[in-house]
Amino acid sequence: MQCRAEEEEEEEDWLRLRPQEPLSSQCCGSGCRPCVFDTYERDLERWTRARESRDRSLLAEDRAAGPRNDTVLSTESFSAFPLESVEVLTSDTCLYRFKLPTGGSLGLGLGQHLVLRGAVEGLEVQRAYTPISPVSAEGYCEFLIKVYTEGLMSHYIQTWKEGDLVQWRGPFGGFLYKPNTYGQLLMIASGTGVAPMIPLIQHITDDEEDETSVTLVGCFRTYKNIYMRSFLQEQSRFWNITTYFVLSEEENLDNLPWSYREKTHLGRLNLEVLKALVKCCKKPPFAVICGSIAFNEDTFNLLRKLGLEEESCFRF
C-alpha cells in the first residue's frame, strides 16, 4: 500500500509540473516565433519525455544552453523593465520610456517588435509593440502606444505608473535592411504604424555612407495627431529624407504651418495621391507599409495597380 501511495503522490507531482496550455488572449497574433503556443508545445514535449523516464532534470534542458550576449531580452521568457517616464502626445497616445540595466540593450534589428504581457481582471493578455528608440540605444527603450476604449491591453496600460515593472519578451520579426540596398524607400505608415519607420530613418541618417533616399508618407487624422512631429521635421532636413502627410480629418490647409501646406493632402490615401508620390521618387521605390491589417492590404493593392511588383513591397 505504501508503494502504491508513493506512486500516486509522484504522479500528482508530475501533473503539477505539466505545462499549462496558453489562453487565446495570451497570443499577440503577430506571428512571433516562438509563439506562446510554440513554447507550450516544446515544453509539453520536454515534460512528456521527462515523465516517461522519471527524470526531472530533463525539464531544465536547453534552458541554460545557447550563446550568452549583452542583450536583456529573450524570445522565450519575459523580462521586467521599470517604466521611467510617460510623455503625453495626444489624448489617446503616449511615449513610454523604460529603463534597462546599465549598459544593457534590447539587441534589436530594424523593425523588430516585442511582446508585452499584462493582466486585466485575472485574464492574461499579450500584444506586440515596436520600439521607436534607436536599435543601438543603451540603458533605455521607448514605445509609442495608442490606447483604445475597449482594448483589454489598453486597460492594463492605463494603470501604469512611473516605477512599475512591465514584462516584455522578444525580439520578433523585422525588416532586413542593409545600407544602399534600395535606392529609394517609400515608407507608408498609418497612425502608430510610423513606429518601425522611425528607427529605420534614424539608422539611415546616422550612417554617412548610406545614400538611400526615403519618402515617408504619414497618414494621420489631423496635424495635431502627427506622432513624433518634431523628429520627422528634423529628419526631413537631410538631403535624402522627404516627408509627406495625408490628414483624413483636417478641414483646411490654412490651419497648418506654412512648412506643411505643400506636403500635405487632405482626405484619405488614394490611388492618385500614391501615383504622384511614386512619380516623385528619385528611383524605382521599394515600399514599406505599416498600419492596420486593412490599411496594409488596401495600400498594397494600390501599389500593385501602379505597377509595383509584390517583391518590391514589405508589410509589417
Side-chain angles (χ1 to χ4, degrees), residues 86-96 111 113 127-133 142-151 153-154 157 175 185-202 205 214-238 241-278 280-281 285 287-303 313-316:
V86 180
E87 180 184 349
V88 178
L89 301 182
T90 68
S91 60
D92 56 12
T93 305
C94 294
L95 181 64
Y96 297 89
H113 66 266
R127 294 291 182 270
Y129 296 97
T130 302
I132 67 166
S133 41
E142 294 178 321
F143 294 85
L144 179 68
I145 300 179
K146 178 178 180 179
V147 295
Y148 298 87
T149 304
E150 303 300 326
M153 183 59 82
S154 294
I157 290 172
F175 174 56
L185 285 178
L186 177 60
M187 301 179 179
I188 308 172
S190 173
T192 53
V194 75
M197 312 300 186
I198 290 173
L200 179 52
I201 292 174
Q202 186 155 15
T205 57
V214 174
T215 297
L216 170 71
V217 184
C219 302
F220 302 95
R221 286 180 296 170
T222 66
Y223 169 76
K224 291 183 178 180
N225 287 112
I226 298 176
Y227 302 133
M228 307 302 293
R229 193 166 59 238
S230 297
F231 169 84
L232 295 176
Q233 187 76 335
E234 176 185 323
Q235 293 294 305
S236 68
R237 296 191 178 100
F238 286 87
I241 308 296
T242 301
T243 55
Y244 189 86
F245 300 98
V246 178
L247 306 180
S248 60
E249 296 180 13
E250 194 68 64
E251 296 180 354
N252 196 316
L253 287 174
D254 292 339
N255 297 331
L256 277 58
W258 282 103
S259 59
Y260 282 81
R261 296 181 187 182
E262 292 186 356
K263 60 177 185 179
T264 298
H265 168 77
L266 301 186
R268 295 192 175 275
L269 187 66
N270 56 43
L271 187 63
E272 290 304 312
V273 172
L274 272 180
K275 183 178 180 180
L277 290 168
V278 170
C280 289
C281 287
V288 184
I289 310 166
C290 189
S292 65
I293 294 175
F295 176 86
N296 287 359
E297 189 66 23
D298 290 346
T299 303
F300 172 75
N301 290 334
L302 291 175
L303 291 170
C313 298
F314 178 86
R315 288 172 281 183
F316 280 104

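Smallest separation of non-hydrogen atoms from Pro196 and Gly111: CB-CA, 4.1 Å. Heavy atoms only, all atoms of each residue included: Ile188 and Met197 are closest at O-CE, 3.8 Å. Across Pro199 and Pro131, no two heavy atoms sit closer than the pair CG-O, 3.9 Å. A pairwise comparison of heavy atoms in Lys263 and Ser236 identifies NZ-OG, 4.2 Å as the closest pair.
By the 4.5 Å heavy-atom criterion applied to side chains, Ile157 and Tyr129 are counted as neighbours. Side chains of Val214 and Thr205 form no contact here, defined as non-hydrogen atoms less than 4.5 Å apart. Two residues are said to be in side-chain contact when any heavy atoms from C-beta on lie closer than 4.5 Å; Arg229 and Tyr260 meet this criterion.
For the atom pair Ile198 CD1 and Leu232 CG, the distance stands at 6.0 Å (nearest 0.5 Å). To the nearest 0.5 Å, the span separating CG on Leu269 from OG on Ser248 amounts to 10.5 Å. The distance from the CZ atom of Phe245 to the SG atom of Cys219 is 10.0 Å, given to the nearest 0.5 Å. The line from CD1 of Ile132 to CE of Met228 is 3.5 Å long, rounded to the nearest 0.5 Å. Here CZ of Arg127 is found 12.5 Å from CD1 of Ile145. Values are rounded to the nearest 0.5 Å. The line from OH of Tyr244 to NE2 of His265 is 6.5 Å long, rounded to the nearest 0.5 Å.
Tested against Thr215, the residues Val278, Ile241, Thr243, Leu186 include a single side chain to side chain contact (heavy atoms under 4.5 Å, CB included) partner, Leu186.
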Show me, pair by pair, the donor-acceptor contacts under 3.5 angstrom made by side chains of residues 295-303, not counting sequence neighbours?
unit_1	atom_1	unit_2	atom_2	d
Asn296	OD1	Gly291	N	2.8
Asn296	ND2	Phe316	O	3.0
Glu297	OE1	Arg315	NH1	3.0
Thr299	OG1	Phe295	O	2.8
Asn301	ND2	Glu297	O	3.2

Please list every donor-acceptor pair under 3.5 Å in which a side-chain atom of residues 249-259 meets a protein atom from a residue at least two apart or in another chain.
unit_1	atom_1	unit_2	atom_2	d
Glu250	OE1	Tyr223	N	2.9
Asn252	OD1	Asp254	N	2.8
Ser259	OG	Gln233	NE2	3.4

Mind listing the side-chain donor-acceptor pairs of residues 87-95 below 3.5 Å, one per line with the distance, residues two or more places apart or on another chain?
unit_1	atom_1	unit_2	atom_2	d
Thr90	OG1	Asp92	N	3.4
Thr90	OG1	Asp92	OD1	2.9
Thr90	OG1	Thr93	N	3.2
Thr90	OG1	Thr93	OG1	3.4
Thr93	OG1	Tyr227	OH	2.9

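The local environment of NZ in Lys146 is crowded, with over 12 non-hydrogen atoms from other residues, nucleotides or ligands closer than 6.0 Å. Atom NZ of Lys224 has 12 or fewer heavy atoms from other residues, nucleotides or ligands within 6.0 Å. Residue Arg261 qualifies as enclosed at atom CZ: its count of foreign heavy atoms under 6.0 Å is above 12.
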task: Report the C-alpha distance between Ile201 and Met187 in whole Å, list the side-chain angles of each, state the deciding distance to 0.1 Å, and finish with yes or no for side-chain contact (heavy atoms from CB on, under 4.5 Å).
output: CA-CA 10 Å; Ile201 292 174; Met187 301 179 179; 3.7 Å; yes
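Aromatic pair Phe175/Phe314: centroids less than 6.0 angstrom apart.
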